[in-house]
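Have a look at the structure below before the remarks.
On a predicted model such as this, the values are computed, not experimentally measured, just so you know.
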Amino acid sequence: MVNFFANGSDPPFHRRAHTIDEENGLDPSFHRQAHTTDKEVCVVLVLLFTWAHLPYAPPSKAELLDCTTNSPWCTTSRNRNQLKPNLLRNPTRHHHRHTSDSPHHPLDPLTIQEINKVRSILSSHELFKSSPYALHSVVLEEPEKPLVLCWKKGDPLLPRKASVIARANGKSHVLTVDLQTSQVIRHATDSLSGYPTMTIEDMTTATWAPLASAKFNRTIIERGIDLTDLACLPISTGWFGKSEEKRRLIKVQCYSMKDTANFYMRPIEGLTVLVDMDTRAVVEISDKGRNIPIPKAANTDYRYSAQNIYPELKLLNPISIEQPKGPSFTIEDEHTVKWANWEFHLKPDPRAGVIISRAMVRDPDSGELRNVMYKGFTSELFVPYMDPTDAWYFKTYMDAGEYGFGLQAMPLDPLNDCPRNAYYMDGVFAAADGKPYVRSNMVCVFESYAGDIGWRHSESPITGMEIREVRPKVTLVVRMAASVANYDYIMDWEFQTDGLIRIKVGLSGILMVKGSPYVNMNQVTGQENLHGTLLSENVIGVIHDHYVTFCLDMDVDGSDNSFVKVDIQRQQTSPGESPRRSYLKATRNVAKTEKDAQIKLKLYDPSEFHVINPSKLTRVGNPVGYKVVPGGTAASLLDLDDPPQKRGAFTNNQIWVTPYNRTEQWAGGLFVYQSQGEDTLAVWSERDRPIENKDIVLWYTLGFHHVPCQEDFPIMPTVSSSFDLKPVNFFESNPILRMPPNVEKDLPICKPAASA
């Protein structure tokens, strides 16, 4: 969700954001999409929209901490930015002129020039000339997979097309724009129940709509809140029956910002405004919390500058990783990442956040780049809150399909979100009117070393061999952080030299809390269900779940793969066969159809889950493959007929496997907003299509149950979970053996400040 404030505060980086737009040749006026008759409110909207959605330049603290010039404790090192200047740009640089960008790879995202061309082509189309419209998505329509697989660097670029989702005449339209012929070559009107991802303008105008209602303003004042202290959130409605059909509806709830930046801890409980997003009219106001006080602001502010730092606290000394020879990775043509034995294509995406494509690993024996994964991305998030009361039952968010996971990605903070050795990548997206804008520093790429060990072995003295061999575990991380209102999601794709890919999700930010009349648990009767935990006076943290579903188009040594469920079962020995009475046996079962590959994880009925290429064998005859190593295994406990679970039915299993279909990318469906669940992964998989030795797609869902505790107040420490894609008989032997150990002479010599 995106929040907007009614106090008219001017964000400190407002001016800088507009400067970057002008440097990129963009018209800053595209941010002024919200219309109102009140001039002052219009000005505030422009400021707020800029704050939430434009890039900004943080202070140049990375330059101040440059080890070669300013740090008193580092005596020998080199600034990584002195190396490969054409491939790695300064992490504090926010001046990349995207107006001159051109695509180099068939999967490169649309450039500013291409988005402007799409807008120009659409402006002459009859649909857009005859009525007001909004563009909800303008992204590259990726070429057919076989064409991409055949393409090599140096070949002519494949024809560029744009996929456009628009709203016009009260309907949703899906269009394909051919950028070579300047023609709309496909136009379909969708008949599904849902609506496209909200635009930023949808969210902006919805949060301001209640202020046009005298009843709402009167209610706010009666609750003792000054309108200038108001902060409101646009909350997706889900779907709960026919009364909500045929209108794009959104609910707005508000908070008090008085005396704290952490307004999330000060809800105006029970006040919910239902808004029609198309007409911007207030449909209904529900106020069932008049007896619930606004929680106090004391000790809620999360800004470091607002904290009381006691001298008794021993603070951390600065820490950094130095690379005197520069990073080991390169970024070619803005989107092709090469590191150690890995190569892949990386791009920001307004819905998925980041997309990893054409992931290949170099074989240590043949030197050949071998295919592992054609495409991987976050397909959907499902976040149901477990409170059935009037102001909470509808909070069942689908953050990618409703809000746009990439649209909510904020600029990463150098040195804190990502280390000093990071490379930053911007996102270029289209606003609702089709004009392009730049999301600065949306993705970072860096090498990570936390002192972990990739492999080690020491020989015991009894062998007579004095051998100690160790390989440090250095990994390459691709990171994005999406701030969906109160919650922050940290998404990491981590590549290892042993061929493993780890996909990790970190949950951080701030809880969404409920106001309560209670200040102590001794006031709560034993029979009363709080639907959560009393965290502080008048504050309840509501129980909720998080499910993050990933779409993984595995191409293990080629596109035709099979899914194998390796069941691990106890076997009994025969009488007299062995002193042992039991052992474990692995039984391999190849999934023939989709239903064979619908997996619910079971602790006491364990299995491994392999994606193999049955036509490619190792030297000793095993089919090459990768396996899913599960993690974050919380499963949804909601009733399957509960409306939110119908829409989130892709969480009914932790693993699904489907045949490749380029139209089946979004687990919750193409149009998620107010959908009824008729276009989900669960529906597609019910067709039970053949998947043996086919081009298949693996889907995995990371799950979290969250019962809040007092340590989650007023901010929530990051909670992480991950799953792995791990080689299984893919290599002839372990590739990590050929990775070098660290040697003292290759490392910088740093001294503590006291002895410098």
Apply side-chain contact (heavy atoms from CB on, under 4.5 Å) to the pair R647 and M398, showing each step before the final yes or no. CA-CA 9 Å; R647 301 176 68 237; M398 293 192 180; 3.5 Å; yes
Go through the steps to decide whether Q598 and S685 satisfy the test side chain to side chain donor-acceptor pair (under 3.5 Å), and finish with yes or no. CA-CA 8 Å; Q598 295 177 1; S685 187; 2.9 Å; yes
Yes or no on side-chain contact (heavy atoms from CB on, under 4.5 Å) for R687 and E594, after CA distance, side-chain angles and deciding distance? CA-CA 8 Å; R687 300 173 194 160; E594 289 176 274; 4.2 Å; yes
Run the side-chain contact (heavy atoms from CB on, under 4.5 Å) check on Q654 and I599 step by step: do they pass? CA-CA 6 Å; Q654 284 77 53; I599 306 296; 5.9 Å; no
L507/V505 under side-chain contact (heavy atoms from CB on, under 4.5 Å): CA gap, chis, key distance, verdict: CA-CA 7 Å; L507 307 179; V505 176; 4.0 Å; yes
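By the 4.5 Å heavy-atom criterion applied to side chains, W339 and T497 are counted as neighbours. Residues L381 and Y489 meet the side-chain proximity criterion, which asks for heavy atoms closer than 4.5 Å. Using a 4.5 Å heavy-atom threshold, the side chains of L157 and H104 count as separate. In this structure, the side chains of L192 and S675 stay at 4.5 Å or more apart for every pair of heavy atoms. With a 4.5 Å cut-off on side-chain heavy atoms, L110 and V428 do not count as touching. Taking 4.5 Å as the limit, some side-chain heavy atom of D553 sits within range of a side-chain heavy atom of D695. Between D596 and E692 there is no side-chain heavy-atom pair separated by less than 4.5 Å. In this structure the side chain of N734 never reaches within 4.5 angstrom of the side chain of W455, judged on heavy atoms.
To the nearest 0.5 Å, the span separating NZ on K602 from OG1 on T633 amounts to 14.0 Å. Put simply, OG1 on T549 and CG on N653 are 10.5 Å apart, with the number rounded to the nearest 0.5 Å. The structure places CG of L407 at 10.0 Å from CE of M198, a figure rounded to the nearest 0.5 Å. Rounding to the nearest 0.5 Å gives a distance of 8.5 Å between OH of Y374 and CG of D555. Within the model, atoms NZ of K117 and CG of L122 stand 12.5 Å from one another, a figure rounded to the nearest 0.5 Å. Summarising the geometry, atom CG belonging to L552 is positioned 10.0 Å from atom CD1 belonging to I655; distances are rounded to the nearest 0.5 Å.
Side chain to side chain, T573 and R581 fail the donor-acceptor criterion of an N or O pair below 3.5 Å. A side-chain donor-acceptor contact under 3.5 Å links D688 and T593. Q645 and T396 share no side-chain donor-acceptor pair at under 3.5 Å. Judged by distance alone, the side chains of T658 and E664 never bring a donor and an acceptor atom under 3.5 Å apart. At a cut-off of 3.5 Å, with distance as the only test, a side-chain donor of D567 or S607 sits close to an acceptor on the other residue. Using a 3.5 Å distance cut-off with no hydrogens or angles, the side chains of S193 and E678 do pair a donor with an acceptor. For the 3.5 Å distance criterion, the side chains of Y133 and H173 fail to qualify, holding no donor opposite an acceptor.
Under the side-chain hydrogen bond (donor to acceptor under 3.5 Å, both in side chains) criterion, K338 pairs with E332, not counting sequence neighbours. Taking K627 as the reference, E608 meet the side-chain hydrogen bond (donor to acceptor under 3.5 Å, both in side chains) condition, with sequence neighbours excluded.
Of the residues Y487, F704, Y397, the one that meets the ring-ring contact (aromatic ring centres under 6.0 Å, His included) test with H544 is Y487. Among the candidates Y700, F723, F377, W699, the single residue satisfying the ring-ring contact (aromatic ring centres under 6.0 Å, His included) test with F550 is F723.
In this structure, the side chain of Q674 engages the main chain of E244 through a donor-acceptor pair within 3.5 Å. Using a distance-only test at 3.5 Å, with no hydrogens or angles considered, a donor-acceptor pair links the side chain of H136 to the main chain of T197. A donor-acceptor pair is defined here as one N or O able to donate and one able to accept, closer than 3.5 Å; such a pair exists between the side chain of E380 and the backbone of G401. Checked by atom type and distance alone, the side chain of N169 never pairs as donor or acceptor with a backbone atom of K171 at under 3.5 Å. Between the side chain of D155 and the backbone N or O of K152, at least one donor-acceptor pair lies under 3.5 Å. A donor-acceptor pair is defined here as one N or O able to donate and one able to accept, closer than 3.5 Å; no such pair exists between the side chain of N341 and the backbone of V361. Side chain of D178 to main chain of Q183: no donor-acceptor pair is present (N/O by atom type, distance under 3.5 Å, no hydrogens or angles). The closest donor-acceptor contact from the side chain of Y547 to the backbone of A635 lies under 3.5 Å. Proximity of a side-chain donor or acceptor of R248 to a complementary backbone N or O of Y195 within less than 3.5 Å is not detected. A donor-acceptor contact shorter than 3.5 Å links the side chain of D498 to the backbone of L500.
Summarising the local packing, NZ of K694 is surrounded by 12 or fewer heavy atoms from other residues, nucleotides or ligands at distances under 6.0 Å. The local environment of NZ in K726 is sparse, with at most 12 non-hydrogen atoms from other residues, nucleotides or ligands closer than 6.0 Å.
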Going by atom type alone, with no hydrogens or angles, which donor-acceptor pairs under 3.5 Å involve a side-chain atom of residues 342-349 and a protein atom two or more places apart or on another chain?
from, atom 1, to, atom 2, distance (Å)
W342, NE1, Q496, O, 2.8
H345, NE2, D108, OD1, 2.6
K347, NZ, L107, O, 2.9
K347, NZ, E142, OE2, 3.0
D349, OD2, R351, N, 2.9
D349, OD2, A352, N, 2.8

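Of the charged side-chain nitrogens involved, none lies within less than 4.0 Å of a carboxylate oxygen, so that K616 and D560 do not count as a salt-bridged pair. The pair R160-E141 does not meet the salt-bridge criterion, since no charged nitrogen lies less than 4.0 angstrom from a carboxylate oxygen.
The heavy-atom pair separating G625 from V556 by the smallest distance is CA-CG1, 3.8 Å. Shortest non-hydrogen contact noted between A166 and L135 is CB-CD2, 3.7 Å. The two atoms that bring S721 and L702 nearest to each other are O-CD1, 3.8 Å, heavy atoms only. Between V624 and T618, the closest heavy-atom pair is CG1-CG2, 4.0 Å. Across all their heavy atoms, R362 and G367 have their closest contact at NH1-O, 2.7 Å. The heavy-atom pair separating S172 from P196 by the smallest distance is OG-CD, 3.3 Å.
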